[in-house]
S.K.: 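One structure follows; several queries about it will come next.
We count ligands from 1, going down the list as the structure has it; atoms in each ligand are counted the same way. Residue numbers start at 1 and run along the sequence shown.
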Amino acid sequence: MFSRKDYMENKIIIANMKMYMNIDDIKDYLIEVDKKITNNVILCPSNIYIPYFLEKKYKVGIQNVYFEDNGAYTGEISISQIKMMDINYVIIGHSERREYFHETDYDINKKLLKALDNNLNVILCIGETLKEKNNQETNDILRQQLEISLNNVHSNYQDHIIIAYEPRWAIGTGLVPSNLEIANTVLYIKEFVKEHYKMDIKVVYGGSVNELNVNNLNKINSVDGFMIGGACTNPDKMLKIISIVNGIDNN
Ligand code: PGA
């Protein structure tokens, strides 16, 4: 878990490994990343491979949760099951969950409240579609997502919430907003959350971040880190990203 001090001093790097990689890839990956992984990295592999990461004592996140405590919900995983495995982070509301599994902001709110009540750290994903961006609705959409998903969240939880701003059109496409666009949107998110929820929240950027563009993206002051999908599954790329974000490598 990040303390306030960790938050102030380090950028957060979240590896969203999605449904990529098989067991052989994972074993090779762990050998490679073990050399240089740092404490500000949260690795979020496929559920069945999580124990391999826990063995290494890495910070581990799960890619989704269900809001019911237990019961006949085939294929779902509850928050108490997650907690008992010593998994401390949970991604909630990823755009792929919204798009392919029809998750709504109301579902996301239920998951978020439950996770926070159970002392989990939440990575809440928000972002606009290309159509919404082109219609200049980005801030309206983000506001709506935040209003519903953070409904009834108490400001005490501020250190347990990371918001991942991930424009949907930037995920897996190689397209990335300009630094100015990201900076403005992240500031909008921070100000909105401050004003409405009295929280100083950390906001990371995600969407086609890779080892080649992260140096430039890392210059955006308001961004507190990155969420990385495709590039994180390649250990060399991931280690390069970690070094750059941590200021050890500037190329
Ligand atoms: P990407 O994915 O880096 O492959 O664009 C990011 C994400 O989905 O979190």
S.K.: Could you tell me the residue and atom name of the protein heavy atom closest to atom 2 (O) of ligand 1, and the distance to it rounded to 0.1 Å?
M.R.: K18 NZ, 3.2 Å

S.K.: Can you name the atoms of ligand 1, numbered from 1 with element, that are less than 4.0 Å from a heavy atom of N16?
M.R.: 7 (C), 8 (O), 9 (O)

S.K.: Given I162, which of V204, V203, L124 fulfils the side-chain contact (heavy atoms from CB on, under 4.5 Å) condition?
M.R.: V204

S.K.: May I have all residue pairs that pass salt bridge (charged side-chain N to carboxylate O under 4.0 Å, His left out) and include part of residues 83-95, sequence neighbours excluded?
M.R.: none

S.K.: Surrounding OH of Y106 (heavy atoms of other residues, nucleotides or ligands, distance under 6.0 Å), is the total greater than 12?
M.R.: no

S.K.: Sort out for me which residue in L142, I189, I123 forms a side-chain contact (heavy atoms from CB on, under 4.5 Å) with I163.
M.R.: I189

S.K.: Taking the six-membered ring for Trp, are Y205 and F226 parallel (under 30°), tilted (30 to 60°) or perpendicular (over 60°)?
M.R.: perpendicular

S.K.: Give me each pair satisfying salt bridge (charged side-chain N to carboxylate O under 4.0 Å, His left out) with a member in residues 120-137, each pair once, sequence neighbours excluded.
M.R.: K133-E181

S.K.: Heavy-atom contacts with H94 under 4.0 Å: which atoms of ligand 1 show up? List them by number with element.
M.R.: 7 (C), 8 (O), 9 (O)

S.K.: Please state which part of I171 comes within less than 4.0 Å of ligand 1, counting heavy atoms only: side chain, backbone, both or neither.
M.R.: both

S.K.: If you count the atoms of ligand 1 from 1 in the order shown, which ones are under 4.0 Å from a heavy atom of M227?
M.R.: 9 (O)

S.K.: Return the closest protein heavy atom for atom 7 (C) of ligand 1 as residue, atom name and distance.
M.R.: E166 OE2, 3.2 Å

S.K.: Could you tell me if any non-hydrogen atom of S208 lies under 4.0 Å from any atom of ligand 1?
M.R.: yes

S.K.: So which protein heavy atom does atom 3 (O) of ligand 1 come closest to, and at what separation?
M.R.: G229 N, 2.8 Å

S.K.: Out of all atoms in ligand 1, which are within 4.0 Å of some heavy atom of G230? Include the element for each.
M.R.: 1 (P), 3 (O), 4 (O)

S.K.: So is G207 in contact with ligand 1, going by heavy-atom distances below 4.0 Å?
M.R.: yes

S.K.: Counting only nitrogen or oxygen atoms and a 3.5 angstrom limit, does G206 reach ligand 1?
M.R.: no

S.K.: First locate atom NZ of K111, then atom NZ of K114, and finally report the distance between them rounded to the nearest 0.5 Å.
M.R.: 12.5 Å

S.K.: At what distance, to the nearest 0.5 angstrom, does CG of N218 lie from CG of N213?
M.R.: 10.5 Å

